[in-house]
A.B. asks: 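Sharing a structure, written as structure tokens. Questions coming.
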There are 2 protein chains.
Amino acid sequence: MELTERKKRILRIIVEDYIATAEPVGSKAISAKLELSSATIRNEMADLEELGYLEKPHTSAGRVPSPRGYRLYVNELMEEQRLSLEETRQINQALHTKMQELDRVIDQAGKMVSQLTNYPAFALTGGTGRVVVSRFDLILVDNNSFIAVIMTDSRQVRNKLFRLPNDLTVEQLQMLTTLLNTAFTGKTLEELTPELMRVAEHAAGSSYGLISIVVSFAMECLEDLENRSVYTAGASHLLEHPEYQDVGKAQKLMSYLADAPKLSSLPIPAMGEDNTRILIGPENVAEELKDTSVVLASYDIGDGMKGVIGVVGPTRMDYARVAAKLSCVAEGLSHLFGQELPPAGQDKTTDDGSGGNA
Amino acid sequence: MELTERKKRILRIIVEDYIATAEPVGSKAISAKLELSSATIRNEMADLEELGYLEKPHTSAGRVPSPRGYRLYVNELMEEQRLSLEETRQINQALHTKMQELDRVIDQAGKMVSQLTNYPAFALTGGTGRVVVSRFDLILVDNNSFIAVIMTDSRQVRNKLFRLPNDLTVEQLQMLTTLLNTAFTGKTLEELTPELMRVAEHAAGSSYGLISIVVSFAMECLEDLENRSVYTAGASHLLEHPEYQDVGKAQKLMSYLADAPKLSSLPIPAMGEDNTRILIGPENVAEELKDTSVVLASYDIGDGMKGVIGVVGPTRMDYARVAAKLSCVAEGLSHLFGQELPPAGQDKTTDDGSGGNA
DNA sequence: TTTAGCACTCATTATCCCTGAGTGCTAACG
DNA sequence: CGTTAGCACTCAGGGATAATGAGTGCTAAA
């Protein structure tokens with residue numbers, strides 16, 4: 001059954017008032033904004049309550065939106081907030097300044113979102129499933145150290161500097177590289193067995209166990225990349241909001257946020273328009289989130305993989321503002337990963353118009 | 001003036017009792033542990049209070065150690081806690097499993113310390129001062145992408161994958177590598193001027209601005225490495241302790257911990273024995289830490305550089321336990337960075353005794 | 001020097017009461 | 001029939017008051 005236009009207007013006022021003030025809103029406040037007496041409003045509010053859109057903290061307080069009320073607000077009543085051009089520009093610039101490795105960027109983005117919204121934020125990377133090494137490169141640094149660079153099929157690159165007790169020649173290293181690339185690329189974590197290593201080690205001859213060392217490193221990287229990684233930021237923002245003045249509540253949520261494995265196993269729901277999704281209170285599956293809201297946005301990592309960035313807060317959350325900012329950041333991230341050349345170079349060296357790149 | 005042996009014993013009991021219970025400790029509780037009447041204890045406590053080692057929250061509560069009391073306890077009364085072999089083993093193993101890049105290890109170590117102690121922890125890396133690139137390597141991945149690997153004089157390695165709109169040949173890349181290594185190694189951040197890039201760009205001919213792109217990346221890395229980086233973990237542990245049941249207090253400290261720039265500019269005092277240092281309440285210079293204690297331990301990063309790892313908590317902190325664990329972790333870190341070959345390889349592939357490495 | 005005893009202090013907790021914001025209901029009004 | 005004024009009712013929040021009890025300082029005796 002559809003609500004009357006007037007009921008919707010009232011609901012909307014209640015939600016927005018409550019979001020702004022965190023105080024239950026009473027009939028008088030609304031009658032002031034609408035040209036109706038408080039008694040009329042009370043009747044309407046009673047209806048809205050019966051329909052499950054409003055709740056009373058207690059008999060003699062005003063009304064507060066129920067999760068269902070927020071849901072209706074988010075679905076129908078909320079005006080999509082447009083960020084000013086200035087704001088989007090700032091966000092994108094902040095993203096672009098650091099063109100580091102993927103995970104650093106994501107971490108940074110999480111911090112940014114938290115700062116932007118004043119809520120705790122978290123960011124998850126793809127959760128790739130199976131990853132394999134697509135190439136090994138070994139770079140000789142000096143007689144007894146070298147850098148191993150590995151790249152995966154998902155185009156992530158990791159490196160590590162190794163020091164050795166013995167001398168090492170370019171030839172040895174080249175031989176090793178070839179061996180690694182023939183025997184260990186394209187193999188999943190499980191396929192990289194100790195046997196395989198032993199065989200290769202044998203084939204390499206007197207290489208002091210270098211194969212195992214590099215492959216072990218690769219395995220760690222694979223493990224790292226196969227699992228979603230989690231970054232959280234700004235947990236302390238929780239305490240700014242009146243609903244978390246109760247230390248017990250705050251702590252419960254904060255420990256949940258600090259628990260990376262739990263967070264990373266968060267089931268990711270399908271995104272709506274704008275690539276965002278809003279989960280209100282009990283709509284969350286995780287027990288710890290039952291009376292908080294989560295706003296999510298997904299971003300493209302490339303290769304069809306997706307990551308998620310999200311904000312956690314009380315159900316009384318400024319959904320419009322948060323969703324807008326989150327969406328902007330997520331879009332910025334997708335753009336960042338999707339493009340050919342990072343544009344930071346343009347920023348810093350515009351004085352000479354050498355390259356004709358997109 | 002030296003305290004009598006008995007006064008010291010009383011002070012020690014008070015400190016340890018208070019650390020354990022967070023309740024002011026009264027004369028009766030002590031008289032039970034010592035063979036003295038409560039009245040005698042009261043007299044002694046009155047003395048200790050006059051000397052500034054104890055405080056009363058109010059007239060009719062027990063006594064609480066003052067910062068000065070904690071200091072005496074830490075300096076003279078506290079028994080250095082030895083971790084069990086099992087514990088040290090666990091800590092070292094946990095550190096060794098992840099033999100990733102330096103900053104990941106440090107981050108991990110911070111998390112570990114927090115978990116070990118149930119207090120928030122933070123970790124700072126060296127804060128190197130001037131860093132320069134010691135070598136560039138470019139690895140051709142396919143026609144239109146390559147990996148740039150840069151290594152600094154402080155032996156840190158960073159990498160990034162670049163995609164290009166145009167094709168690229170091995171020769172071009174080799175040429176670029178040489179050019180980068182001749183013109184841009186050994187230069188500080190300030191010396192890597194746009195002019196220098198323009199000149200090199202010109203020398204390289206039609207390379208689509210690749211020089212600037214790689215050098216820009218290098219500059220970002222340098223900037224990153226020159227500044228101390230900060231990692232914090234386990235802020236939510238704060239809320240577990242009764243002294244932070246007051247949300248205002250908790251929030252003040254948590255925001256301080258979340259403020260990376262502030263934390264990284266924390267002046268690092270000289271370390272004592274065990275490479276640890278305890279700062280009690282007002283001994284801290286930072287205003288925000290005036291009524292919290294900080295336990296620090298320093299670790300060697302190599303090349304004579306040092307990092308710091310620390311724990312933050314109320315002055316009522318289990319100094320012995322925290323210092324012991326922190327020291328163990330810091331030692332583990334130094335060891336990890338100092339040694340020739342990471343021992344993780346041994347762990348996973350002991351089945352064949354191929355290499356003769358330390 | 002130690003101890004028993006006693007008067008005193010004061011945070012904590014419970015109880016009570018008042019106030020005021022807000023409600024539901026009813027009856028009158030247009 | 002929808003709207004409104006009026007009125008009795010509810011209940012959280014805040015202040016005042018009192019009882020409780022843990023702990024103290026001081027004094028006088030052992």
Side-chain angles (χ1 to χ4, degrees), chain A residues 1-11 13-15 17-18 20-66 69 242-243 245-247 249 316, chain B residues 3-11 13-15 17-18 20-66 69 242-243 245-247 249 316:
Chain A
M1 178 209 81
E2 260 309 291
L3 291 181
T4 66
E5 209 41 57
R6 190 169 73 180
K7 282 196 173 58
K8 285 188 186 174
R9 204 150 68 229
I10 291 175
L11 178 58
I13 291 177
I14 293 178
V15 171
D17 217 54
Y18 186 60
T21 64
E23 303 274 307
V25 5
S27 51
K28 211 143 75 180
I30 300 179
S31 93
K33 300 192 184 179
L34 258 33
E35 302 283 275
L36 288 168
S37 81
S38 62
T40 314
I41 306 290
R42 277 202 292 282
N43 287 331
E44 293 286 56
M45 292 205 297
D47 288 357
L48 282 169
E49 184 176 351
E50 197 166 357
L51 293 167
Y53 295 107
L54 293 181
E55 300 180 336
K56 280 191 289 215
H58 56 268
T59 358
S60 75
R63 299 301 211 292
V64 157
S66 70
E243 24 274 285
Q245 288 311 93
D246 173 23
V247 176
K249 266 192 191 174
R316 179 190 68 84
Chain B
L3 290 182
T4 67
E5 210 41 57
R6 190 169 74 178
K7 282 198 173 56
K8 285 189 185 173
R9 202 150 67 230
I10 292 175
L11 177 58
I13 292 179
I14 293 178
V15 170
D17 216 54
Y18 185 60
T21 65
E23 303 273 303
V25 2
S27 51
K28 209 143 73 180
I30 300 178
S31 94
K33 300 191 184 180
L34 258 34
E35 302 283 277
L36 288 168
S37 81
S38 60
T40 315
I41 306 291
R42 276 203 291 282
N43 287 330
E44 293 287 56
M45 292 206 297
D47 289 357
L48 282 169
E49 184 176 352
E50 197 166 355
L51 293 167
Y53 295 108
L54 294 181
E55 299 179 338
K56 280 191 289 215
H58 56 268
T59 353
S60 75
R63 300 301 210 294
V64 157
S66 70
E243 24 274 287
Q245 288 310 93
D246 173 22
V247 177
K249 267 191 192 175
R316 179 190 67 84

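A quick note: this is a predicted structure, and the numbers were derived from the prediction, not measured. Order of the sequence lines fixes the chain letters, A, B, ..., with proteins taken first and strands second; residue numbering starts at 1 for each chain. Because only heavy atoms are used, hydrogens play no part in the values below, and waters and symmetry mates are left out as well, while side chains stay in.
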A.B. asks: For DNA chain D, determine which residues of residues 23-42 of chain A have any heavy atom closer than 4.0 angstrom to one of its atoms, and list them numerically.
C.D. replies: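 Under 4.0 Å from DNA chain D: A:Leu36, A:Ser37, A:Ala39, A:Thr40, A:Arg42.
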
A.B. asks: State, to the nearest 10°, the angle formed by the axis through the first five base pairs of the helix from C:dT1-D:dA30 to C:dG30-D:dC1 and the axis through its last five.
C.D. replies: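 Taking five pairs per end, the axes differ by 20°.
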
A.B. asks: To the nearest 0.5 angstrom, please state how far the CD atom of A:Glu55 sits from the CZ atom of A:Arg63.
C.D. replies: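 It comes to 11.0 Å.
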
A.B. asks: What I'd like to find out is whether the side chain of B:Leu3 reaches to under 4.5 Å of the side chain of B:Leu51, using heavy atoms alone.
C.D. replies: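 B:Leu3 reaches B:Leu51 side chain to side chain.
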
A.B. asks: For nucleotides 9-18 of chain D, give me one character per nucleotide, 5' to 3': B if any protein heavy atom sits under 4.0 Å from the base, S if the only such contacts are to the sugar-phosphate, - if neither.
C.D. replies: -BBS------

A.B. asks: Given C:dT1, is OP1 or OP2 found less than 4.0 Å from the side-chain N or O atoms of B:Arg6?
C.D. replies: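 Checking B:Arg6 against C:dT1: no side-chain N or O falls below 4.0 Å of OP1 or OP2.
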
A.B. asks: Atom CD1 of A:Ile41 and atom CG of A:Leu34: how far apart are they, to the nearest 0.5 Å?
C.D. replies: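 One finds 5.0 Å between CD1 of A:Ile41 and CG of A:Leu34.
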
A.B. asks: What is the separation between atom CG on B:Leu54 and atom C1' on D:dG23, rounded to the nearest whole Å?
C.D. replies: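 Interatomic distance, CG of B:Leu54 to C1' of D:dG23: 14 Å.
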
A.B. asks: For atom NZ of A:Lys8, is the number of surrounding heavy atoms from other residues, nucleotides or ligands below 6.0 Å larger than 12?
C.D. replies: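 Above 12, so yes.
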
A.B. asks: If you compare all heavy atoms of A:Leu54 against all heavy atoms of A:Pro65, which two are closest, and at what distance to 0.1 Å?
C.D. replies: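 Minimum heavy-atom separation between A:Leu54 and A:Pro65: CD2-CA, 3.9 Å.
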
A.B. asks: Is it the case that more than 12 heavy atoms not belonging to A:Lys7 sit under 6.0 Å from its NZ atom?
C.D. replies: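 Count over threshold, so yes.
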
A.B. asks: Starting at CG of A:Leu48 and ending at C1' of C:dT23, how long is that distance when rounded to a whole Å?
C.D. replies: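 Checked: the CG to C1' distance equals 15 Å.
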
A.B. asks: I need the CG-P distance between B:Asn43 and C:dT1, as an integer number of Å.
C.D. replies: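 Rounded to the whole Å, the gap is 11 Å.
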
A.B. asks: Return all side-chain donor-acceptor pairs below 3.5 angstrom for residues 20-32 of chain B, not counting sequence neighbours, or 'none' if the list is empty.
C.D. replies:
unit_1  : atom_1 : unit_2  : atom_2 : d
B:Thr21 : OG1    : B:Asp17 : O      : 3.0
B:Thr21 : OG1    : B:Glu23 : N      : 3.2
B:Ser27 : OG     : B:Arg42 : NH1    : 3.2
B:Ser31 : OG     : B:Lys28 : O      : 3.2

A.B. asks: First locate atom NZ of A:Lys33, then atom CD1 of A:Ile14, and finally report the distance between them rounded to the nearest 0.5 Å.
C.D. replies: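 A:Lys33 NZ to A:Ile14 CD1: 10.5 Å, rounded to 0.5 Å.
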
A.B. asks: Using whole Å, what does the distance between atom P of nucleotide D:dG25 and atom CD of B:Glu44 come to?
C.D. replies: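 B:Glu44 atom CD is separated from D:dG25 atom P by 12 Å.
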
A.B. asks: Nearest to the side chain of B:Lys56, heavy atoms from C-beta on, is which of C:dG24, D:dT24, D:dT4?
C.D. replies: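 Of the options given, the side chain of B:Lys56 lies nearest D:dT24.
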
A.B. asks: Mind calculating the distance between CG (B:Asp47) and P (C:dT1) to the nearest angstrom?
C.D. replies: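 Result: 11 Å.
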
A.B. asks: Show the nearest heavy-atom pair for residues A:Lys249 and A:Glu243, with the distance to one decimal.
C.D. replies: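 Looks like CD-O, 3.8 Å.
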
A.B. asks: Tell me the interatomic distance from A:Lys7, atom NZ, to D:dT3, atom P, rounded to whole angstroms.
C.D. replies: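 That distance rounds to 9 Å.
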
A.B. asks: Take the protein atom CD of B:Glu49 and the nucleotide atom C1' of D:dT24, then report the distance between them rounded to whole Å.
C.D. replies: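 Computing the B:Glu49:CD to D:dT24:C1' distance gives 10 Å.
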
A.B. asks: Once salt bridge (Lys or Arg N to Asp or Glu O under 4.0 Å) is applied, do any residues pair with A:Asp246, and if so which ones, sequence neighbours excluded?
C.D. replies: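 Residues passing salt bridge (Lys or Arg N to Asp or Glu O under 4.0 Å) with A:Asp246: none at all.
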
A.B. asks: Checking A:Arg9 now: which residues fulfil salt bridge (Lys or Arg N to Asp or Glu O under 4.0 Å) with it, not counting sequence neighbours?
C.D. replies: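 In terms of salt bridge (Lys or Arg N to Asp or Glu O under 4.0 Å), with neighbours along the sequence ignored, A:Arg9 is linked to no residue.
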
